[in-house]
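Down below is the structure, laid out as structure tokens.
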Amino acid sequence: RRCSLNKLKKILQKKDVSMANADEVKTNTGFSIGGVSPVAHITNLDVLVDKSLSRFHFVFAAAGHPNCVFKIAYDQLIKITNGSEKEISE
């Protein structure tokens, strides 16, 4: 599923929202696009987790490299990211 920028605008109460470019992603997370982990970012980021993922007991997330993932229970993902569950997918 793809993130809806219009939904993000409403949630974040911003006039304009866009996808980050590769340099912005690397600067803010420490990871390259394709391997951005939901945890261990080099800056303190607010994490939004798509609520539609709650239909799965386990999800797989990037583990810091495009060829690495880790399996985690959905509720644990919310816990370790201190993430906010939001309906953000199209």
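In this chain, numbering begins with 1 at the start of the sequence shown. Bear in mind the structure is a predicted one, so any value in this text is a computation, not a measurement.
- More than 12 heavy atoms of other residues, nucleotides or ligands sit less than 6.0 Å from atom CG of D75.
- Remark: N21 engages D23, E24 in a side chain to side chain contact (heavy atoms under 4.5 Å, CB included) (not counting sequence neighbours).
- Side chains of S52 and R1: a donor-acceptor N/O pair is present below 3.5 angstrom, by distance only.
- Applying the side chain to side chain contact (heavy atoms under 4.5 Å, CB included) test to E87 and every residue at least two apart in sequence or in another chain returns K51.
- Clustering ILVMFWY residues whenever any of their side-chain heavy atoms sit less than 4.5 angstrom apart, transitively, puts F70 in the very cluster that holds V59.
- We find the CG-CG distance between L77 and N82 to be 11.5 Å, quoted to the nearest 0.5 Å.
- If you take NE2 on H57 and CD on Q76, they are separated by 9.0 Å, rounding to the nearest 0.5 Å.
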* **From CA spacing to verdict: side-chain contact (heavy atoms from CB on, under 4.5 Å), D50, C3** => CA-CA 8 Å; D50 187 6; C3 180; over 6 Å; no

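- The local environment of CZ in R55 is crowded, with over 12 non-hydrogen atoms from other residues, nucleotides or ligands closer than 6.0 Å.
- Under the side chain to side chain contact (heavy atoms under 4.5 Å, CB included) test applied with I88, the options V49, I11, N6, L5 reduce to a single match, I11.
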Pairs of donor and acceptor atoms involving the side chains of residues 29-43, under 3.5 Å and at least two apart or interchain, shall be tabulated with distances.
unit_1 : atom_1 : unit_2 : atom_2 : d
T29    : OG1    : V25    : O      : 2.7
T29    : OG1    : F31    : N      : 3.0
T29    : OG1    : F31    : O      : 3.3
S32    : OG     : K26    : NZ     : 3.4
S37    : OG     : V39    : N      : 3.2
S37    : OG     : V39    : O      : 3.2
H41    : NE2    : S37    : O      : 2.7
T43    : OG1    : N28    : O      : 2.6

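- Separating the CD atom in E90 from the NZ atom in K7 is a distance of 8.0 Å, to the nearest 0.5 Å.
- Under the rule for a side chain to side chain contact (heavy atoms under 4.5 Å, CB included), K15 has no partner lying at least two apart in sequence or in another chain.
- Summarising the geometry of F58 relative to A73, their closest heavy-atom pair is CD2-N, 3.6 Å, with the distance given to 0.1 Å.
- For K9, the NZ atom sits in a packed shell: over 12 heavy atoms of surrounding residues, nucleotides or ligands are nearer than 6.0 Å.
- Under the 4.5 Å side-chain heavy-atom criterion for grouping Ile, Leu, Val, Met, Phe, Trp and Tyr, L53 is connected to I78 within one hydrophobic cluster.
- Under the rule for a side-chain hydrogen bond (donor to acceptor under 3.5 Å, both in side chains), the partners of E85 that lie at least two apart in sequence or sit in another chain are Y74.
- Hydrophobic cluster membership of V69, counting Ile, Leu, Val, Met, Phe, Trp and Tyr whose side-chain heavy atoms lie under 4.5 Å apart directly or via other members: F60.
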